[in-house]
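These notes concern the structure reproduced below.
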Protein chains: 2
Amino acid sequence: MTVSKTASDAVRSSRALRKEPVDPAGDDSMLQLGELSGLLGYSLKRAQLRVFEDFLRCVAPLQLTPAQFSVLLLLDKNPGRNQTEIANTLGILRPNFVAMLDALESRDLCARMRSTNDRRSHILVLTDRGRAVLARAKKLVANKHEARLIEVLGPANHAALLEMLAKLAQEF
Amino acid sequence: MTVSKTASDAVRSSRALRKEPVDPAGDDSMLQLGELSGLLGYSLKRAQLRVFEDFLRCVAPLQLTPAQFSVLLLLDKNPGRNQTEIANTLGILRPNFVAMLDALESRDLCARMRSTNDRRSHILVLTDRGRAVLARAKKLVANKHEARLIEVLGPANHAALLEMLAKLAQEF
DNA sequence: GATATTAGATATAGCGGATAACAATTATTA
DNA sequence: TAATAATTGTTATCCGCTATATCTAATATC
């Protein structure tokens with residue numbers, strides 16, 4: 001089921017977007033963004049796309065998407081949880097989480113174990129391989145991805161940005 | 001730019017996400033996000049979803065999505081441009097821009113005019129109705145949407161956030 | 001014990017994004 | 001100028017993410 005195709009395609013998809021501000025054909029002058037540059041949501045979305053792009057590039061050797069990485073992280077920090085709990089925490093709907101888990105499980109990164117207490121639910125566990133991949137992914141993310149963000153923004157701004165985004169994600 | 005260091009359909013779809021940090025069932029304690037809270041991309045995406053959600057709420061009377069609003073804004077500021085130019089500027093692929101324009105044109109918000117210079121291209125123009133809707137939308141966005149963002153973040157932080165996001169969207 | 005609720009799963013629909021290919025038109029160049 | 005290449009808008013199509021309804025097994029409630 002070629003998980004590879006997914007992640008690599010996502011990286012490739014960046015090119016279409018990258019062409020934007022460059023005035024591709026060189027024909028006329030660049031367009032006026034106007035109040036668009038003052039729209040927070042606009043910059044927010046474009047920045048998010050760029051950041052995800054970079055994440056995919058940095059973690060490409062491990063073929064992990066941001067969503068997959070977040071699942072592995074969560075499983076590591078929260079052992080003994082079931083699908084519903086993990087999915088809810090990440091804002092993923094349960095039906096959509098099934099295929100996602102199938103993909104991770106087929107790569108032997110995690111496993112579903114029927115709970116003895118409640119035989120309806122699946123306790124999710126990281127496999128040894130999952131833990132190993134997660135460890136490598138964490139290093140790539142920290143040393144390549146986040147490092148580049150900190151480099152571009154400066155450490156203080158990076159921290160301030162993180163704080164403000166968290167505030168928006170929560171209290172908004 | 002000096003970020004103050006102290007800064008230490010679609011509407012309905014918000015519910016699934018909103019349930020997340022609330023520990024919905026009240027069953028167990030909340031899950032540990034771990035290094036997820038330090039992942040810029042994670043907060044970036046969640047914040048973006050919230051902000052778009054709010055945008056849709058605020059502009060709901062006019063039935064405009066963020067993307068549609070950005071098109072109208074761009075047409076207003078850049079008269080005489082064709083589909084390719086507008087689409088490129090917004091990072092929309094030309095094939096996908098066709099249906100978007102069809103929707104706007106069917107609502108009489110803009111129109112395609114065959115160019116006399118180059119009879120392949122369509123010059124895009126705002127209709128009177130499009131200008132009127134855009135004017136109303138701008139007010140809603142400024143007075144409800146952005147106003148709320150500024151209220152939550154504080155004016156200085158709001159400006160700093162905008163600057164950092166623009167930097168990420170460009171120089172990253 | 002009957003009924004309601006919950007967990008995981010399936011099916012399905014929709015949207016945004018991406019590529020290939022085509023017709024009409026314009027540009028290039030041989 | 002004739003032949004070829006490139007460009008514009010378009011269609012068709014695919015993929016991934018998101019959302020809803022529904023099913024089953026299992027559990028909880030009454």
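The sequence lines fix the lettering, A, B, ..., with proteins before strands; numbering per chain opens at 1.
OP1 or OP2 of C:dG17 lies within a sub-4.0 Å distance of a side-chain N or O belonging to A:K45. Taking side-chain N and O atoms only, A:T84 has a distance below 4.0 Å to OP1 or OP2 of C:dG8.
Inspection of the A:H145 and A:D54 side chains reveals an N or O donor paired with an N or O acceptor under 3.5 Å. With 3.5 Å as the limit, one finds no donor-acceptor pair spanning the side chains of A:N82 and A:R112. For the residue pair B:Q170 and A:R46, no side-chain donor N or O sits within less than 3.5 Å of a side-chain acceptor on the partner.
Judged by distance alone, with hydrogens and angles left aside, the side-chain atoms of A:Q83 form no donor-acceptor pair with the main-chain N or O of A:F97 at under 3.5 Å. A donor-acceptor pair under 3.5 Å is absent between the side-chain atoms of A:N78 and the main chain of B:L31, judged by distance alone.
Contacts between residues 107-118 of chain B and DNA chain C, defined by a heavy-atom separation under 4.0 Å, are made by B:N117, B:D118.
Distances were taken from every side-chain heavy atom of B:R94 (C-beta onward) to each of C:dA11, D:dT10, D:dT27; the shortest belongs to D:dT10. For B:P95, the side-chain atoms get nearest to C:dT19 when compared with the rest of D:dT8, D:dT18, C:dT19. Between D:dT8, C:dA11, C:dG8, one nucleotide has an atom nearer to the side chain of A:Q83 than all others, and that is C:dG8.
Going from atom CG of B:N96 over to atom P of C:dG14 covers 18 Å, rounded to whole Å. B:H122 places its NE2 atom 12 Å from the P atom of C:dT26, with the value rounded to the nearest Å.
Applying the salt bridge (Lys or Arg N to Asp or Glu O under 4.0 Å) rule to pairs touching residues 29-40 of chain A yields A:E35-B:K77, A:E35-B:K138, sequence neighbours excluded.
Taking only distance into account, the side chain of B:R120 never meets the base of D:dT8 through a donor-acceptor pair shorter than 3.5 Å.
If you chain together hydrophobic residues whose side chains sit under 4.5 Å apart, A:I123 and A:V98 never meet in one group.
Of the candidates B:D76, B:L101, B:V133, B:C110 forms a side-chain contact (heavy atoms from CB on, under 4.5 Å) with just one, namely B:L101.
Axis deviation across the helix from C:dG1-D:dC30 to C:dA30-D:dT1 amounts to 10°, comparing end segments of five pairs, rounded to 10 degrees.
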